[in-house]
Protein chains: 2
Amino acid sequence: MKEMTIKDLTEILKEKNVKPSLQRLKILEFLFKANNHPTVDEIYSALIKDIPTLSKTTVYNTLNVLIESELVKVVNIENTESRYDAIPEEHGHFKCRQCGKIYDFHFDMNLIDSQVPPGFIVSEKDVFFKGICRECLNNNI
Amino acid sequence: MKEMTIKDLTEILKEKNVKPSLQRLKILEFLFKANNHPTVDEIYSALIKDIPTLSKTTVYNTLNVLIESELVKVVNIENTESRYDAIPEEHGHFKCRQCGKIYDFHFDMNLIDSQVPPGFIVSEKDVFFKGICRECLNNNI
DNA sequence: TACTATTTTGTAATGATTATAAGTTTATTA
DNA sequence: TAATAAACTTATAATCATTACAAAATAGTA
């Protein structure tokens, strides 16, 4: 994801009628920069340095605001905790059963449009694979 | 899913080296019959009538055994609780943003094989859509 | 400035899942 | 068959992500 200035981020939030508070700007900025589906804890730990008063409740609240504005989406890869993506270029997720790592990979969602059931409106598409990653396969030889 | 006799289920478990206890047979039978991704609570509530001593811990334990044997898979549609499917004919999931209902629909997973990243082995594929279902669309007119 | 609405924060509550240890059943061996 | 070990089930307690709630802080407005 390309660089985003605070001005850019402010504009993005205003377009969605979300007040651009410091916390919201920083959380959204972090998600645009991140490329690894951070958890709430990871977001919190990264930003507490910038915003020493930050509360974990605020991270949760803000994420929910951003999700409602369709700027962020939840990725429930593990069932133990949710992860969050700033709405990005289309991609699928792959989780390695052995090392547990989560990979992004390019995925053309248009390919699956023909299989959407008729009469339904789809606003979000997720594709999620599990298996063994290349690295683990090589290590097992 | 077609009818399964206790004998069938016993055989299925034995093939996976899982001892066919009453609890395991009943839980697996319930999952084969169910077509709605039941939660742990739903499984427990349904089976407590047959097995009055059943414990919720056993449901969790058994599900984990069945998952390791690849007879059952988890579906993390909501992030509040997990749902469970007996490995079924291929299908995708659709969750309506308005009424919350979860639909199954036919989906040919072979269509997405070409997009699997090279060098990775995929053993499970999930496709998950969100949007507005036909029924809600009709009601909103 | 005074007042109101919005946002943030800390603490407590909720609820799904797991850990643990004891009880029960099944399998094994002599 | 009796004794013993292994596997399975159960009840209770602990864990941990998430939400509820109410108070404190901030921003907006007249």
Side-chain angles (χ1 to χ4, degrees), chain A residues 6 9-10 13-14 16-30 37-69 71-85 100 102, chain B residues 6 9-10 13-14 16-30 37-69 71-85 100 102:
Chain A
I6 292 297
L9 296 163
T10 303
L13 288 177
K14 278 188 177 166
K16 298 285 186 177
N17 291 316
V18 176
K19 285 195 194 164
S21 70
L22 175 66
Q23 289 83 347
R24 288 169 176 174
L25 287 167
K26 285 293 185 183
I27 290 172
L28 186 58
E29 181 187 38
F30 183 77
H37 332 286
T39 64
V40 165
D41 268 1
E42 286 164 357
I43 298 168
Y44 175 78
S45 302
L47 295 183
I48 191 73
K49 295 157 195 158
D50 286 334
I51 314 172
T53 63
L54 185 65
S55 146
K56 211 173 277 188
T57 302
T58 300
V59 179
Y60 278 105
N61 290 343
T62 301
L63 287 170
N64 286 332
V65 167
L66 296 176
I67 288 165
E68 298 222 344
S69 314
L71 291 169
V72 168
K73 75 180 207 183
V74 190
V75 190
N76 287 319
I77 295 176
E78 288 102 353
N79 63 350
T80 51
E81 59 187 354
S82 293
R83 292 175 171 274
Y84 299 87
D85 260 358
I102 294 158
Chain B
I6 293 297
L9 295 163
T10 302
L13 288 176
K14 277 189 178 165
K16 298 285 186 178
N17 291 316
V18 176
K19 285 193 195 166
S21 70
L22 174 66
Q23 289 82 348
R24 288 169 177 175
L25 286 167
K26 286 292 187 184
I27 290 173
L28 186 58
E29 181 187 39
F30 182 78
H37 331 286
T39 64
V40 164
D41 268 0
E42 287 164 357
I43 298 168
Y44 174 78
S45 302
L47 295 184
I48 190 74
K49 295 158 196 157
D50 286 334
I51 314 172
T53 62
L54 185 65
S55 145
K56 211 173 277 187
T57 302
T58 300
V59 179
Y60 278 105
N61 290 343
T62 300
L63 287 170
N64 286 332
V65 169
L66 297 176
I67 288 165
E68 298 222 345
S69 314
L71 291 170
V72 168
K73 74 180 209 183
V74 190
V75 191
N76 287 318
I77 294 176
E78 287 101 354
N79 64 350
T80 50
E81 60 188 353
S82 293
R83 293 174 171 274
Y84 299 87
D85 259 358
I102 294 158

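The sequence lines fix the lettering, A, B, ..., with proteins before strands; numbering per chain opens at 1.
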Under 3.5 Å, which donor-acceptor pairs link side chains of residues 17-28 of chain A to any protein atom two or more places apart or in another chain?
| unit_1 | atom_1 | unit_2 | atom_2 | d |
| --- | --- | --- | --- | --- |
| A/Ser21 | OG | A/Arg24 | N | 3.2 |
| A/Arg24 | NH1 | A/Lys19 | O | 3.1 |

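Distance B/Glu81 CD to C/dT14 P: 17 Å, rounded to the nearest Å. Regarding B/Glu42, its CD atom lies at a distance of 12 Å from the P atom of C/dT17, rounded to whole Å. Atom CZ in B/Arg83 sits about 11 Å away from atom P in C/dA16, given to the nearest Å. In this structure, the CD1 atom of A/Ile43 is 10 Å from the P atom of D/dT18, given to the nearest Å. As a whole-Å value, the separation of B/Asn79 CG from C/dT17 P is 11 Å. Rounded to whole angstrom, the span from the CG atom of B/Asn17 across to the P atom of D/dA6 amounts to 19 Å. Separating the CG atom of B/Leu66 from the P atom of D/dC8 is a distance of 12 Å, rounded to the nearest angstrom. Between B/Asn64 atom CG and C/dA16 atom C1' the separation is 13 Å, expressed in whole Å.
Non-hydrogen atoms lying under 4.0 Å from DNA chain C are contributed by A/Lys19, A/Ser21, A/Gln23, A/Arg24, all within residues 19-27 of chain A. For DNA chain D, the neighbouring residues in residues 46-59 of chain B, judged by any heavy atom under 4.0 Å, are B/Thr53, B/Leu54, B/Ser55, B/Thr57, B/Thr58.
B/Leu71 is listed as a side-chain neighbour of B/Leu13, based on a closest heavy-atom distance under 4.5 Å. The side-chain heavy atoms of A/Asp41 and A/Lys56, taken from C-beta on, include a pair separated by under 4.5 Å.
Ion pair A/Glu78/A/Arg83 flagged as a salt bridge, since at least one NZ, NE, NH1 or NH2 atom sits closer than 4.0 Å to an Asp/Glu carboxylate oxygen.
Listed pair A/Tyr60 / D/dT18 meets the phosphate criterion, a side-chain N or O lying under 4.0 Å from OP1 or OP2. A/Ser82 has a side-chain polar atom (N or O) that falls below the 4.0 Å cut-off from OP1 or OP2 of D/dT18.
A/Asn61 comes within 4.0 angstrom of a nucleotide base, judged by non-hydrogen atoms across all strands.
Residue whose closest nucleotide on DNA chain D sits further toward the 5' end, between B/Tyr44 and A/Asp41: B/Tyr44.
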